[in-house]
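So the structure is just underneath, and the comments pick up after that.
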Number of protein chains: 4
Amino acid sequence: MDREDTLRRLKNVEGHVRGIQRMVENDAYCIDLIRQIQAVQAALGVVSENILHDHLHSCLITAVRGEDPEERERVLKEITEVYSMASKV
Amino acid sequence: MDREDTLRRLKNVEGHVRGIQRMVENDAYCIDLIRQIQAVQAALGVVSENILHDHLHSCLITAVRGEDPEERERVLKEITEVYSMASKV
Amino acid sequence: MDREDTLRRLKNVEGHVRGIQRMVENDAYCIDLIRQIQAVQAALGVVSENILHDHLHSCLITAVRGEDPEERERVLKEITEVYSMASKV
Amino acid sequence: MDREDTLRRLKNVEGHVRGIQRMVENDAYCIDLIRQIQAVQAALGVVSENILHDHLHSCLITAVRGEDPEERERVLKEITEVYSMASKV
């Protein structure tokens with residue numbers, strides 16, 4: 001995984017969330033708060049896409065080419081699970 | 001892919017969508033329409049999860065174990081793309 | 001509600017779902033199936049947005065201006081509920 | 001808005017995001033990272049639902065009962081917009 005890029009994006013998300021806290025303290029307009037929260041959710045979506053991309057190019061390839069059918073099955077099942085969850089958050 | 005199960009689910013979705021059309025014609029309450037539409041979206045989500053499950057256990061394994069790096073890259077990229085799209089529909 | 005537009009869109013969705021059934025019968029590529037299913041989910045999202053738009057401009061206004069606090073509360077609660085569900089399907 | 005509850009939830013989200021950063025630094029398993037990111041997205045979804053709930057019970061009621069049709073239209077349009085966005089993040 002490109003760890004530095006992921007950490008940088010998560011730092012930005014953390015700063016964004018603190019910014020929303022200040023907006024709440026300053027009685028910002030509700031809809032502006034919701035829009036900022038949705039922007040953070042979208043930014044987190046990009047982070048998880050990047051992590052999945054790296055996962056497919058490393059752990060997945062190792063598991064699929066490996067000798068252990070249970071390990072392979074576990075890795076494939078996890079991908080289906082996070083795909084399913086992606087549309088529910 | 002378990003083609004019969006997928007076809008059965010898509011038939012149900014088609015019937016559900018026709019049912020919503022009748023609700024519209026009969027002036028059903030807006031919120032009830034929205035709830036039915038959301039139920040159809042969720043049912044379609046299950047269909048795509050099942051298809052992804054089967055894809056991972058067939059095409060993906062073939063591509064990852066195969067000799068063609070471009071084909072492997074294409075298959076891995078597609079998975080990231082449908083994952084990304086899953087959270088946007 | 002603009003009933004004709006909604007019915008037309010739902011007819012299109014129904015045809016799209018039938019098209020996906022034919023793709024399944026013809027052994028279409030899994031990822032192409034998933035993309036078409038996601039396109040249908042997005043089209044249904046537009047339908048529900050349009051219905052919500054009309055609901056806000058009719059039932060909601062009536063309920064908020066009306067004399068019945070329980071009816072108003074019910075209508076406001078429904079909107080929060082479909083908003084919550086929108087991100088989960 | 002129940003500002004204290006919202007601030008408390010956003011503080012929790014901020015801590016959660018910092019925890020994910022530590023997981024990245026400690027080379028946590030990719031899928032565990034994705035699951036934690038999805039949990040944060042879901043927690044943010046609850047925050048925005050609560051804010052929308054309060055918005056409907058305050059600003060919306062004021063705008064719908066008020067004398068200014070442009071203001072009312074603006075408020076109704078915003079609700080449709082955040083509803084639309086909710087399914088895309």
Show the nearest heavy-atom pair for residues C:V17 and B:L10, with the distance to one decimal. CG1-O, 3.5 Å
Rounded to the nearest 0.5 Å, what separates atom CD in B:Q41 from atom CD in C:Q38? 12.0 Å
Between C:S48 and B:I37 the two heavy atoms that sit nearest each other are CB-CG2, 4.0 Å
Part of residues 63-70 of chain B lying next to chain C, heavy-atom separation under 4.5 Å: none
Do any of residues 77-89 of chain C come closer than 4.5 Å to chain B, heavy atom to heavy atom, and if so which ones, in number order? C:E78, C:E81, C:V82, C:M85, C:A86, C:V89
Shortest non-hydrogen pair, C:E14 vs B:E14, comes out as CG-CG, 3.9 Å
Test side chain to side chain contact (heavy atoms under 4.5 Å, CB included) applied to C:L44 and B:L44, step by step: CA-CA 11 Å; C:L44 287 167; B:L44 287 166; 3.9 Å; yes
To the nearest 0.5 angstrom, please state how far the NE2 atom of C:H55 sits from the CD1 atom of B:I31. 3.5 Å
Distance col, row C:N50:CG vs B:I34:CD1, nearest 0.5 angstrom, shows 10.0 Å
